[in-house]
Each structure stands twice: as C-alpha cells, then as structure tokens.
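One structure is given below, encoded as structure tokens.
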Amino acid sequence: MCGIVGYIGYEQAAPLLLKGLEKLEYRGYDSAGIAVYDGSGLEIYKSKGRLKILSDMIEGGAKVKGTVGIGHTRWATHGEPSDINSHPQVSDSGRFAVVHNGIIENYMSLKEYLINHGVEFVSETDTEVIAQLFEYYYDGDMLDTMLKVLAKVEGSYAIGVISQEHPDELLAVRKDSPLIVGIGEGENFIASDIPAILSHTRDIYRLEDNEIVALKADSITVYNMEKEVVSKTPFHVDWDVSSAEKGGYEHFMFKEIMEQPEAIRKTISPRLKNGKIVLDDVSLSKEDLEKISKIVVLACGSAYHVGMNAKYILEKIARIPVEVDLASEFRYRDPIIDESVLVLVISQSGETADTLAALREAKRLGARVISIVNVVGSSIANDSDDVLYTWAGPEIAVATTKAYSTQLAVVYLLALYLGEKRNTITTEQLERYVKGLENLPNQIQEILEHQETIQYLASQYFNSRDIFFIGRNLDYSMSLEGSLKLKEISYIHSEAYAAGELKHGTISLIEDGTLVVSLATQDMLFDKMMSNVKEVKARGAVVLGLTTEKHKEIEKTADHVFYIPSTEDILLPSLAVVPLQLFAYYVASMKGCDIDKPRNLAKSVTVE
Ligand code: G6P
C-alpha cells in the first residue's frame, strides 16, 4: 500500500526521501513522487512506475535542493496510476503539497463544493481534495488549517503536508492508516514504517488515531483534535538495519524463508516455561474460558490459510467449534456473534483494512478479540482485547513466509493453552506437543538444508502452464497456501483442491503432463490420499508427493517425492509449508519474476 516519508532538518531532503521510499517499496506501489521546499517555493517531481524512474529524473535527488520535504509511493485507488495522479498533490496556487495514504470517502462532495467555489482540480485523486482544502481554509496557521480540513474529511488517512508559507514546519496526522515519527537531533522524520528511517534514528513515536504532529528541525509537538498537546513515550527500535534489508540474499523472500527457524524460536520460547504454555499476553479468566461457545477466525490471504489450519488444530486440541471467515466476507453476512464468541484475528501487518473492519464489527457485536499480529502497535493490535505478537521481525517480501510460520506457531500455543485450561488434552499429550513444538526450528533447518532438491524439481516444472495442489484435512489448508504462494510470485495458474473433492469437477482439468503436488503428510489419511493420487495419475498427471519419511511407499505411486521429518500430525503444516515456499520461490526465480514485488499485489492492503 502507499508509503510516506517526510523530512525536516539540515541534510538535503531529496536523496534522503528517495532512500526512505526505497525501503517502503515492499508495500507495493505503482508511482512515486516528492515535494521539497527549495528556498523560494515547492519543487514537485512525480512519476508513474518504479522509483528508479523518479530517481533518474532528479539525478538521485542531486537536482533538488532543500532540507524539508515529503515523499510518497502510491498504490492507485482513485484514478489510474499516472504522473498526474501520483502524490504529492498540490493546491491550486502551488503553496501546499500533500502526501496521503488511505481513502477520503466523501471526496466527491468536497470536490464539488470546492469546484463551485472556483477551485480547479487537475487529478482524479481523493488526495487532491486535501491539498485544495488546505488552500481554501488557510488562515496563516498550519495547525488551525489542518484542524479545519480534518473537520471536513471522512475516511482513513495518514497525511503529510508542507507549505511554502511555513517552510520550517512539516505537519502530519493519522486515522486508520499507519504513521510513525522519527526523532532525530536537529532533524525529524515521518514515515509509514520503520525501515524508511532506520538508518537515521531508532527512536520513534507511534502516532495514534486523530493525533497531529508538528515537526520542526529541532522540535516535535503532538496535538489532539482539541489542539491540546499530547505527551508521547518514545519507542526504541532494537532490531538492526540489516534485518530490514536483504542481508546478502538475492531476494527478501528467500532471506525470510531462511529466517523461519529463528523467527519461530523467538515466537515460542518466551511462551514455553517448564513444559507449560505461558501466555501472559492473554487475559482470559477461567470464567471467560468456560463461556466460549465458538471461535471465529478472521483474516485475509495467507493469514486466512493459517486460520484454516487453526480450525483443524483448535477443534482437535481445545474441542471448541471453529468457524473461519475471510474478513472481507464476514461483515456482510450478518454473522451470529455475541459475548460468548472468541474472535481470533490474524494479520501480519496489523493494518489490513478488511481485517480491521471485520474486527471492529465483531467487537461491536460483543465478541472478545484476540489477535495474532506481527507489527507492534498496529491498528489491529490496538483494537484487540489481547494481542499475541509473532516475533518474526519485519517482513518485506510481499509474499509472506516467516509471518505465516510464526502465526501458525502461535496458533499451536493458543490451542495447547486452551486445551490445557479446558482439560481437553492430557498432561502427557501436552508434553508431547510441547516437545514437538520446540523441535520445529531444527526440523525446518533440516528441510532448508535440502533446498537444492526443491530447486531441481522447480527446474523441471517452471515452464508449466497449470499446477495443482491437493491434500486432505491440514494438507488441504497447506495446498491452498502452496498454490497461493506459487501463483502470487510466478504467475503460473494454480488450483488447490481438497483431494476428495477432485472427482466432483476439477479432475476434468488434469491433462497429460499436468503437475499435481500431492500433500500426504497426515498418517490417518495417507491411504485415502494415495487413492486420489492414483486418480490423477490415471488421467496423465505427473505427481510430486510431499510426505513424511515414514511413508516411503509413496514412491510406488508418485513421480517425485520430497520427504519432511516426522512429528505430531498437527505440527506437520509448519514443516510442509517450507518446501512449498521454496518451490514457489525457485519457480518464480527461474521464470525471472520480480519475486519481492509481484505485479498487482501489495504487502499491506489498507483499503477495503
Ligand atoms: C496481502 C498480502 C498477503 C497477506 C494479506 C493479509 O494480500 O499480499 O501476503 O497474506 O494481505 O495481510 P496481513 O498483513 O493482514 O497478514
């Protein structure tokens, strides 16, 4: 989704803004732009396409002089990607420049009003309305003007504004869109996310909804909507710059795949004490636990696939009925929710608009909300009753890997926690699962060490037109994730099917040579899966089987096999996902795709 960077200080702003925007590329964008005050007026440079085009246009920033500026990467919502629709958007007179992430829902009526008052618009964006409103309401004071503008706009926004009337000031505000403030010495920053400013400062403020920040080179003042000064506590970022960068790997996605053992270790170890699950972050009382009538999981994309796994895992371990909903569908189906329902929200970014809206709807209906989130202090984390953070670190590649794995690890912790509290598992079972959980990072490491086997398989099939994934039960959820990963980054058409459902339609798509990745990790369903594998083989499919070391007999049926180590059945998805990620990665790499930034996709989708 859109990225914002702003700077005020003593350094040349343009190169710094470009570098910051580069760090936000992972959010997905289709155009970029900057505005810098050059001593007499605002210099604006914008371009459709990759940042490189903008950077070349202004010689890496050298062409633009000035020490205050704002920059933006845009992911089009209102108006096609174009130079003119890119941000910053500028007011009629050129005195105000605005960058914006989010949507101004009432922009049409505001635009009409302004046009009737003689204002000329040049873009199709909702953002231009903000810039024009600044001009319209400007009364000599930036903060007062901002308050007047905010009183008119409805929707979600993170906004940064500079003006040639007040070149020593940069104003920003947020509501339902992320924005942080970087604290420097003689310089200060705003950004949509930490990596954009991490090479300059590690001390940040996280702006809350409806907080306005006024930055000068040597001061930061945060106001609420009543114009009262708000006192904020800074947050110190302790992860290093390299963890937000590629660290020697060709792609963020590969680096993040390799980081999974460590990410899972970090996520589970603080929550395992003497063989017990300790979830200090969950404040459910004994009565709360007893009254849970069902769990509803809400998420989008890969996080939704974690939710599908969660259904099998929570029902098996905690014996509570679980429904899983795509967040974008949940709100509009008149869901049956009351105080007895525990809602589990899963989101890497914590900012996905559909997920956030579904969460709010669930809360409005009385549910208690626990979220599994990777970004500390994000909107979903803030709005939840309890948050179980995944300690995956920043995930930059659009296609999620380590966030997915840590979300799954948290699902196990939660299931075992509930199972233990509700006496639905024995002490002996708990011990076995905990041991299995602790062993997952080593087993994943083992799989990663066999990456060349997957690389070889990818080399055989990267030219495929269609690739199918089939499995039953947890292997079905994994098929969905394997298929999504592949199509997201390699653009190969792929379907995931519950293996038993194939014969009800999809099998007609199998032709001579079609690759069918067949997941058969679950002991209980192995034989059933083999029947389904035979069905596709009989129609000409080539089968890549994925199973555990104990099922060597798969070699009689499958053309290729990748073995994963054995563990408890419910833990197998954590292992199975790794070869699927690597397969998608290598296929995309062999096809020469833009792996970290697949076309049309965004990392953090902050519009519904
Ligand atoms: C986007 C990303 C997916 C992600 C989904 C949910 O579509 O491309 O990788 O799974 O959003 O994101 P969240 O941040 O809520 O987990």
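Just so you know, ligand 1 is whichever comes first in the structure, and atom 1 is the first atom listed for that ligand.
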### Query
Relative to the heavy atoms of V398, which atoms of ligand 1 are at a distance of less than 4.0 Å?
8 (O), 9 (O)
### Query
How close do S82 and R74 get, heavy atom to heavy atom, and via which atoms?
N-NH1, 4.4 Å
### Message
I'd like to check whether Q407 has a polar contact with ligand 1, where a contact means an N/O of the residue lying under 3.5 Å from an N/O of the ligand.
### Response
no
### Task
Identify, by atom number and element, the atoms of ligand 1 in contact range of S302, meaning under 4.0 Å from any of its heavy atoms.
10 (O)
### Task
Look at the rings of H87 and H100 and say which category their plane angle falls in: under 30° parallel, 30 to 60° tilted, over 60° perpendicular.
parallel
### Message
Within the 4.0 Å heavy-atom shell around A602, which atoms of ligand 1 are there?
### Response
1 (C), 2 (C), 8 (O)
### Query
Considering only the protein, which heavy-atom contact is closest to atom 11 (O) of ligand 1, and what is its distance?
K603 O, 3.9 Å
### Query
Just checking, any donor-acceptor pair under 3.5 angstrom between side chains of Q260 and T401?
no
### Ligand-side contact atoms (ligand 1) for residue partner T352, heavy atom cut-off under 4.0 Å
6 (C), 12 (O), 13 (P), 14 (O), 15 (O)
### Task
Show your reasoning for whether side-chain hydrogen bond (donor to acceptor under 3.5 Å, both in side chains) applies to D203 and T201.
CA-CA 6 Å; D203 295 310; T201 177; 4.6 Å; no
### Task
On the 0 to 90° scale, with breaks at 30° and 60°, tag the F468-H493 ring pair as parallel, tilted or perpendicular.
perpendicular
### Message
Here's a test for you: under side chain to side chain donor-acceptor pair (under 3.5 Å), which of S347, S379, S371 qualifies with S384?
### Response
S371
### Task
Would you mind running through ligand 1 and noting each atom that sits below 4.0 Å from a heavy atom of S349?
13 (P), 14 (O), 15 (O)
### Query
Does Q348, backbone or side chain, put an N or O under 3.5 Å from an N or O of ligand 1?
yes
### Query
Where on A299 is there a heavy atom closer than 4.0 Å to ligand 1, on the side chain, on the backbone, on both, or on neither?
neither
### Task
Establish, for the pair R50 and Y29, whether the NZ or CZ atom is under 6.0 angstrom from the six-membered ring centre and no further than 45 degrees off its axis.
yes
### Query
So, does A403 sit close enough to ligand 1 that a heavy atom of it is under 4.0 Å from the ligand?
no
### Message
With a 4.0 Å cut-off on N to O distance, would you call K19 and E22 a salt bridge?
### Response
no
### Message
Below 4.0 Å from ligand 1: does a non-hydrogen atom of C300 turn up there or not?
### Response
yes
